[in-house]
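Basis for what follows: all heavy atoms, side chains included, without hydrogens, waters or symmetry-related copies.
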Amino acid sequence: MSRALAAIRLARHHPLAYGNDSTPKAPPVFRYALHALIVLILTLLTQIGGIAYLIALAASRTWGLRRFLAKLTIFLLCYGSATLAASLAAPIFGRVPLSCVAGAEDRLVVRSPIYCLLNRNYVTPGVRDLAKALAAHMDKEFPGTVTVALDANFPFVRGFPLLPHLSHADGKKLDFAYYYKDVDGAFLNGATRSPIGYFAFEQPAPGDELPCEGRNDWLTTRWDFDALQPLFPAYRIEEQRTSAAIGWLTSEGVTRFGLQKIFIEPHLKNTLGITDRHVRFQGCRAARHDDHIHIQVE
């Protein structure tokens, strides 16, 4: 027994014992690099998350917090406060948020709260008015129809990238979901094939126009996500509503709101019989647009 007690005492004072003051720690350079990486990722994902993290880190050190749960709580409080502050300050910089809180009577909805949690729901007042007018038009033409918005822009700084998009950087771009129907042809109001509205592609049929066929660009965001496609429900684009929405965008959207471009895939443009010059192909380095409609104003 005495030998066992002696061994325990020796273990407690060993330099590698957990909790001992002499326990080796990661060199400061690695800790700083980890914090820098976290700040970079949060900034790219949310624009303001990196700043919230630095504030939370400073507060945790000032208050001597060591437990992970306490540090996480401080960060979430800082991030929530920063998000609220961004929504109040963004109009000063020419952008306004699209609300992720929709009531039963709202006809324009943001697909998921995650867009607001990540601060990806900001547009110029003109784009907001265009989106609301489109939703009102669709509700008038097809009573009860809900129009679904997806990615917009961050609240601040012209030119700040909204990854993986190549152009959502000035408040003047907005994505809409297509309108869908089920396998029996019944309209699915407010539904999308994927939970976030992206990456569930309408596959071209044999003989369809394929402008990027045979290309192997190494620097591109045109990802097919073939492994994901069987996971999505077998909805199809509801042609009548989708054509009506694009028709309104290329007429009223252009004349009243200065709409400049609409991006959809060429095979869908041909299938829907669209010939308007404002509807274009986005290029082979940009993401596919047979899962959403991209619009931008001047």
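Ring planes of Phe160 and Phe154: perpendicular class, angle over 60° (limits at 30 and 60°). Ring geometry for Trp248 versus Phe257: interplanar angle of 30 to 60°, hence tilted.
Phe232 and Ala200 make their closest contact through CD1-CB, 3.5 Å (heavy atoms, listed as atom of the first residue, atom of the second, distance). Contact between Leu98 and Cys116 at its shortest, heavy atoms only, is O-SG, 3.8 Å. When all heavy atoms of Tyr179 and Ala245 are compared, the closest pair comes out as CE1-CB, 3.7 Å. Nearest heavy-atom pair across Ala287 and Thr221 is N-OG1, 3.2 Å.
A salt bridge is defined here as a Lys NZ or Arg NE, NH1 or NH2 lying under 4.0 Å from an Asp or Glu carboxylate O, and Lys269 with Glu209 fails to meet this definition. Ion pairing between Asp170 and Lys173 holds under the 4.0 Å rule for side-chain N and carboxylate O. Remark: Arg193 engages Glu202 in a salt bridge, criterion side-chain N to carboxylate O under 4.0 Å. Under the 4.0 Å criterion applied to side-chain N and carboxylate O atoms, Arg222 and Glu265 are assigned as salt-bridge partners.
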Step-by-step side chain to side chain contact (heavy atoms under 4.5 Å, CB included) determination, His165 to Asp175 | CA-CA 10 Å; His165 303 279; Asp175 290 343; 3.2 Å; yes
Would Asp290 and His267 count as a side-chain hydrogen bond (donor to acceptor under 3.5 Å, both in side chains) if you check the C-alpha gap in whole Å, the side-chain angles of each, and the deciding distance to 0.1 Å?
-> CA-CA 8 Å; Asp290 45 3; His267 72 89; 3.0 Å; yes
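The ring-ring contact (aromatic ring centres under 6.0 Å, His included) test with Phe263 singles out one residue from His292, His278, His294, and that residue is His294.
In this structure, Asp139 contributes its side chain and Pro143 its backbone to no donor-acceptor pair below 3.5 Å.
Atom NZ of Lys181 has more than 12 heavy atoms from other residues, nucleotides or ligands within 6.0 Å.
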